[in-house]
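Take a look at the structure below.
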Amino acid sequence: MHTKTLKELSALLQARKISATELATLYLGRIAHSDLNAFLHVDEALTLKQAALADQRIARNDTTPLTGVPIAHKDIFVTRDWRATAGSKMLENYVSPFDAAVVERFNQAGTVTLGKLNCDEFAMGGSNENSAFGPVKNPWDKAAIPGGSSGGSAASVAARLTPCATATDTGGSIRQPASLCGVTGIKPTYGRVSRFGMIAFASSLDQGGPIAKTAEDCALLLNAMAGFDERDSTSIERPAEDFSAGLTRDIKGLRIGVPREYFGPGLAPDVEQAVRAALSEYEKLGAVLVDISLPKTELSIPVYYVLAPAEASSNLSRFDGVRYGHRARNYTDLSDMYMQTRAEGFGDEVKRRILVGAYVLSHGYYDAYYLQAQKIRRLIAEDFKSAFEQCDVIMGPVSPSVAWNIGDKADDPVANYLADIFTLSTSLAGLPGMSIPCGFGQGARNGRLPVGLQLIGNYFEEAKLLNIAHRYQQATDWHLRQPEQA
Ligand code: GLN
């Protein structure tokens with residue numbers, strides 16, 4: 001049962017071949033036996049209560065395609081009934097008085113929450129080693145990282161601990177862990193999914209999206225997740241779209257832009273091989289490859305690592321020990337209380353980013369760093385604009401290598417930042433991007449670690465990306481491969 005896709009589970013629920021309660025019980029059992037550290041909070045009674053409500057809805061035929069379907073949420077989405085820690089000691093025991101818009105939407109659709117998923121602290125990271133609650137293990141090789149920051153989301157779907165999960169992507173955190181764990185994830189266009197109740201990292205970049213086994217499942221999830229929300233000032237008002245409607249559309253003649261800069265010396269040969277094989281598969285499906293250039297790719301790293309920390313330093317100033325979260329026990333006066341609280345509550349990577357952010361925003365450096373980075377951000381978006389005059393979709397690798405071992409890059413923040421090279425520019429431009437499983441590479445210990453293919457679309461072309469991904473998944477079975485123990 002746990003190997004079934006969300007679409008299949010939905011059909012079984014609607015046909016009453018299985019109940020939401022049975023399904024929730026099955027997954028709770030799998031979670032209880034897992035040692036991946038993917039889940040931070042599980043509350044069986046709460047889950048079963050939601051499942052019972054879903055069963056009542058099914059009994060009275062008041063359903064959506066997601067009613068009774070189990071889901072787990074990245075712990076960056078606030079939840080009324082569950083703690084929301086954002087992977088930080090600062091929020092270790094925090095319970096929000098309201099649900100995030102995304103959680104609210106899924107609750108309305110009738111999903112059953114299995115729990116909250118581990119992630120890098122405040123979503124800062126690409127390996128999940130920055131969680132205050134310990135790293136998540138990659139189900140393909142438990143010595144390896146699952147990717148981050150949505151490592152719990154990707155690992156739990158890969159290990160079949162949940163059929164689907166929510167995640168967020170600021171500079172790659174949906175696509176990169178999806179790639180390293182061999183599952184499917186989509187980061188929508190900035191503004192598509194409400195940020196209300198998503199604990200903020202870098203507000204001009206943060207965007208929620210789903211992770212599941214297939215593109216078809218991601219479409220179903222996005223149908224529930226996306227939509228205008230007046231409580232988020234950057235939410236975009238557009239007519240509702242059915243992301244499942246055009247999945248099987250023919251892709252003959254599709255022009256796939258292959259950016260030169262994504263296949264340089266920094267790309268591991270095994271990843272390149274898997275990605276090139278996927279491109280050939282697309283040619284067989286009738287697509288044509290177009291050589292394109294995204295010349296500013298290299299600048300995305302310095303630009304992102306100026307802008308994201310700048311926004312983070314501002315967003316995280318709310319954690320002062322007064323309003324919510326951790327407060328130091330011992331202090332002499334108010335400002336000492338702020339300092340002790342923040343010193344104790346934040347981890348190293350978060351502190352590093354606050355320092356960098358405060359620096360680039362400070363008088364005298366603002367023009368040299370922050371403003372300069374904003375200007376280059378615009379140029380990066382222009383790169384994509386010209387590219388989309390020559391092609392319909394852009395494809396390349398997600399990550400320059402397969403998953404590395406836990407600890408391997410732990411002492412070298414820059415090595416971690418460099419691994420974001422293929423995902424950051426999409427986020428800086430606000431474009432939608434996907435990762436779909438496309439093969440395996442050579443891991444340090446295990447010869448079979450997943451490789452993801454990245455699909456980048458023009459603004460609001462999620463439906464097109466899902467269609468292109470679905471056609472590939474109809475022709476191949478990489479997305480159905482699962483780790484041995486799952
Ligand atoms: N790895 C990037 C970072 O560390 C992206 C994280 C994200 O998308 N949340 O900031």
Side-chain angles (χ1 to χ4, degrees), residues 74-77 86-88 117-131 135-136 145-154 165-181 185-190 193 195 198-211 300-313 315-316 346-357 360 373 377 397-401 403-404 409-410 412-435 452 454 456:
K74 183 176 182 180
D75 209 21
I76 201 113
F77 291 100
S88 181
L117 296 163
N118 204 346
C119 58
D120 280 305
E121 185 173 5
F122 291 105
M124 296 177 192
S127 68
N128 222 300
E129 289 164 289
N130 297 335
S131 166
V136 174
I145 57 135
S149 62
S150 313
S153 309
T166 55
T168 62
D169 190 310
T170 303
S173 282
I174 291 177
R175 292 160 285 158
Q176 190 254 22
S179 169
L180 301 187
C181 287
I186 181 164
K187 173 201 106 74
T189 307
Y190 179 77
V193 168
R195 289 186 296 109
M198 224 170 85
I199 297 172
F201 161 15
S203 308
S204 79
L205 295 152
D206 296 344
Q207 189 58 201
I211 290 183
S300 63
I301 294 179
V303 166
Y304 174 89
Y305 281 100
V306 165
L307 297 179
E311 294 186 31
S313 75
N315 273 326
L316 298 188
F346 290 138
D348 288 350
E349 183 60 25
V350 172
K351 285 179 186 156
R352 189 175 295 123
R353 297 201 190 194
I354 292 173
L355 284 172
V356 170
V360 300
R377 180 179 190 175
V398 175
S399 168
S401 72
W404 53 94
K409 295 184 186 176
D412 187 353
V414 176
N416 276 295
Y417 301 168
L418 292 176
D420 297 338
I421 179 79
F422 303 130
T423 53
L424 297 178
S425 42
T426 321
S427 297
L428 287 164
L431 291 165
M434 261 192 103
S435 176
Q454 183 167 208
I456 302 168

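Worth knowing before you read on, the calculation uses all heavy atoms, side chains too, and leaves out hydrogens, waters and symmetry mates. These numbers come from a predicted model, not from an experiment. Each residue takes its place number in the sequence, starting with 1. In each ligand, atom 1 is the first atom listed, and ligand 1 is the first ligand listed.
Applying the side chain to side chain contact (heavy atoms under 4.5 Å, CB included) test to L418 and every residue at least two apart in sequence or in another chain returns I301, V414.
Evaluation of the salt bridge (charged side-chain N to carboxylate O under 4.0 Å, His left out) test over residues 166-177, restricted to residues two or more places apart or in two chains, returns D169-R175. Applying the salt bridge (charged side-chain N to carboxylate O under 4.0 Å, His left out) test to every pair with at least one member in residues 412-429, sequence neighbours left out, gives no pairs at all.
Using a 3.5 Å distance cut-off with no hydrogens or angles, the side chains of S173 and S149 do pair a donor with an acceptor. Counting only N and O atoms by type, the side chains of K74 and S150 include a donor and acceptor under 3.5 Å apart. Using modelled atom types and a 3.5 Å distance limit, the side chains of K187 and T168 yield no donor-acceptor pair.
Contact residues for ligand 1 (protein heavy atom closer than 4.0 angstrom to any ligand atom): A123, M124, G125, G126, S149, D169, T170, G171, G172, S173, F201, Y304, Y305, R353, D420.
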